[in-house]
K.L.:
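Okay, handing you the structure first.
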Amino acid sequence: MLIRCERQGTALKAKPAGELDHHNADFVREELEGMLKDEGIKELVLDLSSLTFMDSSGIGVILGRCRTMQKRGGKVSVMNMSSQIDRILKMSGLYQLINKIG
Amino acid sequence: MLIRCERQGTALKAKPAGELDHHNADFVREELEGMLKDEGIKELVLDLSSLTFMDSSGIGVILGRCRTMQKRGGKVSVMNMSSQIDRILKMSGLYQLINKIG
Amino acid sequence: MQAENNMHISFPSYSVNESFARVVVGAFAAQLNPTLEELADIKTAVSEAVTNAIIHAYEGTVGTVEISAALIGRTLKVEIRDRGKGIEDVEQARQPFYTSSPGTDRSGMGFTVMETFMDSLEVESALDRGTTVRMEKHIGADQNGSGEE
Amino acid sequence: MQAENNMHISFPSYSVNESFARVVVGAFAAQLNPTLEELADIKTAVSEAVTNAIIHAYEGTVGTVEISAALIGRTLKVEIRDRGKGIEDVEQARQPFYTSSPGTDRSGMGFTVMETFMDSLEVESALDRGTTVRMEKHIGADQNGSGEE
Ligand SMILES: Nc1ncnc2c1ncn2[C@@H]1O[C@H](COP(=O)(O)OP(=O)(O)O)[C@@H](O)[C@H]1O
Ligand SMILES: Nc1ncnc2c1ncn2[C@@H]1O[C@H](COP(=O)(O)OP(=O)(O)O)[C@@H](O)[C@H]1O
């Protein structure tokens with residue numbers, strides 16, 4: 001698991017690579033929360049193009065970051081997910097809380 | 001497992017694709033022996049570039065075809081093997097019986 | 001291809017084995033030439049059940065997770081067992097969004113994912129005895145098998 | 001990564017399970033971040049031992065093949081067991097080119113491949129009781145692990 005992060009204005013673009021399961025969830029959460037300590041970040045954009053697997057542990061990780069961003073009036077967006085991950089996100093109702101870009 | 005065969009003069013070029021283990025050995029043997037019924041074929045050239053795995057069952061298959069070709073004064077050559085398959089062929093002493101092309 | 005096949009595997013409840021378990025069941029199911037989507041469905045469902053055994057059943061302790069799988073015709077049957085703490089109310093546990101760990105990043109969607117991605121899901125559990133999750137999935141007709149396996 | 005890990009798997013002696021067994025042990029060993037060559041060595045050695053159980057131990061009948069594997073530090077230990085016919089003379093069987101099926105396409109190189117590709121090979125066998133093959137391989141230092149697993 002690796003996460004590439006890039007600040008773009010008030011947005012943080014994060015691109016996790018690998019398999020987002022329970023085993024890797026703590027690592028991803030801690031990396032993201034570390035970056036999000038900067039309260040100037042108002043949008044977290046998750047580029048999921050390099051995720052080769054995600055299960056409901058990934059939903060938990062995204063949902064948790066939604067809470068972090070909502071507390072500061074910010075938001076979470078996702079982009080470039082595989083059709084499998086798109087199905088999981090749909091199933092979980094997450095698209096009512098996050099933006100789907102593209 | 002799939003084998004692409006091509007006649008080039010008195011040579012038969014065969015390119016097995018997949019994993020050459022015991023499970024697939026019968027299939028490969030039968031396909032090759034079927035083609036080699038044509039006694040006009042004096043050289044069997046095995047292009048191993050599409051083999052993703054080979055163990056000692058593959059040595060047996062090649063050795064068996066050597067016998068078929070030797071009976072008619074023909075020969076067997078191999079080409080484009082991975083370094084792993086090259087090591088197995090070396091270990092087995094097969095290069096004393098077959099040509100390594102390239 | 002064998003008309004019937006089966007396998008049993010067991011491993012300790014370390015989270016590093018979540019991906020191992022997915023690969024094992026995926027490789028076994030691959031004998032039915034599933035589509036990439038079917039394969040992803042199976043791996044995801046197995047991942048959910050194995051993760052639950054690791055985090056809920058054994059909670060911080062280390063126990064054994066067992067998986068049995070069978071191919072019968074074109075159906076994969078898979079069973080994930082633990083001997084952990086068990087589930088008091090299975091019906092409640094299966095509700096979407098229900099989780100017994102609300103403070104954490106658990107989404108409560110594990111059982112819902114299993115149910116959605118597989119054709120059937122059965123959960124048997126007894127307190128302090130453990131939980132068995134049984135799932136089945138039919139694998140659509142072999143599109144591109146080369147016939148000789 | 002877990003400092004120690006282990007797994008046990010069993011399956012019927014169908015030849016279709018040769019590739020399954022390779023994938024399982026390969027996926028397990030992958031936890032030590034082996035090089036592609038180390039991984040290929042392990043898969044090849046496992047393939048040899050499992051194939052022998054399928055064709056020699058059970059010869060046309062169907063029996064159970066069992067594999068146990070453990071990761072201890074940076075060493076993979078793997079054991080392949082059958083309860084088949086056993087080997088009368090293990091020393092002879094281990095000779096390069098020795099095969100009890102000389103009429104067929106068997107090369108007699110199975111044990112030689114296992115010995116060459118692994119760091120150690122131990123063969124225990126009893127007639128009509130079965131054979132156990134134990135192999136070990138040290139996996140070189142982790143070159144490209146990202147550290148957090
Ligand atoms: N194998 C298990 N052993 C004990 N409890 C379990 C097990 N699997 C699930 N549960 C219980 O069922 C609840 C719902 O599970 P699930 O839908 O997978 O959501 P989550 O894992 O996100 O909590 C869990 O929070 C847990 O209380
Ligand atoms: N698991 C086993 N059960 C019974 N006999 C075995 C087993 N493994 C190996 N043998 C015997 O040892 C011989 C040599 O094995 P090997 O070196 O793998 O060559 P091959 O499989 O090509 O014959 C076999 O021909 C067989 O007689």
Side-chain angles (χ1 to χ4, degrees), chain C residues 1-34 39 42-43 46-47 50 53-54 58 60-72 74 76-81 139 142 145-149, chain D residues 1-34 39 42-43 46-47 50 53-54 58 60-72 74 76-81 139 142 145-149:
Chain C
M1 205 196 67
Q2 286 307 131
E4 293 204 4
N5 199 357
N6 63 79
M7 66 96 182
H8 304 273
I9 187 161
S10 63
F11 49 82
S13 60
Y14 300 135
S15 66
V16 71
N17 289 329
E18 290 158 8
S19 66
F20 174 62
R22 295 195 290 272
V23 173
V24 170
V25 180
F28 186 68
Q31 295 181 0
L32 293 180
N33 282 308
L39 203 57
I42 292 163
K43 286 184 170 185
V46 167
S47 189
V50 169
I54 291 172
Y58 295 121
T61 64
V62 177
T64 300
V65 181
E66 291 177 74
I67 304 180
S68 298
L71 304 177
I72 297 169
R74 297 208 57 79
L76 167 74
K77 295 186 181 224
V78 56
E79 195 176 300
I80 292 102
R81 287 182 303 279
I139 308 293
D142 180 349
S146 51
E148 92 286 358
E149 303 200 68
Chain D
M1 203 196 68
Q2 285 309 130
E4 293 204 3
N5 199 357
N6 63 78
M7 68 97 181
H8 305 273
I9 187 161
S10 63
F11 49 83
S13 60
Y14 300 135
S15 66
V16 70
N17 290 330
E18 291 158 7
S19 66
F20 174 61
R22 296 195 289 272
V23 173
V24 170
V25 181
F28 186 68
Q31 295 181 1
L32 294 181
N33 282 309
L39 202 57
I42 292 163
K43 286 183 171 186
V46 167
S47 191
V50 169
I54 290 171
Y58 295 121
T61 64
V62 177
T64 300
V65 181
E66 291 177 74
I67 304 181
S68 298
L71 304 176
I72 297 170
R74 296 207 58 78
L76 167 75
K77 296 186 181 224
V78 58
E79 194 176 301
I80 292 104
R81 289 182 302 279
I139 307 294
D142 179 349
S146 51
E148 91 285 354
E149 303 199 63

K.L.:
Which residues from residues 20-29 of chain C are near chain D, with near meaning under 4.5 Å between non-hydrogen atoms?
P.N.:
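Answer by number: C:F20, C:V23, C:V24, C:A27, C:F28.
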K.L.:
Would C:M7 and D:I9 satisfy side chain to side chain contact (heavy atoms under 4.5 Å, CB included), going step by step from the backbone distance to the final call?
P.N.:
CA-CA 7 Å; C:M7 66 96 182; D:I9 187 161; 4.1 Å; yes
K.L.:
If I take atom CG from residue D:N6 and atom OH from residue C:Y14, how far apart are they, to the nearest 0.5 angstrom?
P.N.:
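Reported to 0.5 Å precision, the distance equals 7.0 Å.
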K.L.:
Looking only at heavy atoms and a cut-off of under 4.5 Å, which of D:I67, D:T64, D:V65, D:N17 has the most pairs with chain C?
P.N.:
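Of D:I67, D:T64, D:V65, D:N17, D:N17 has the most heavy-atom pairs under 4.5 Å with chain C.
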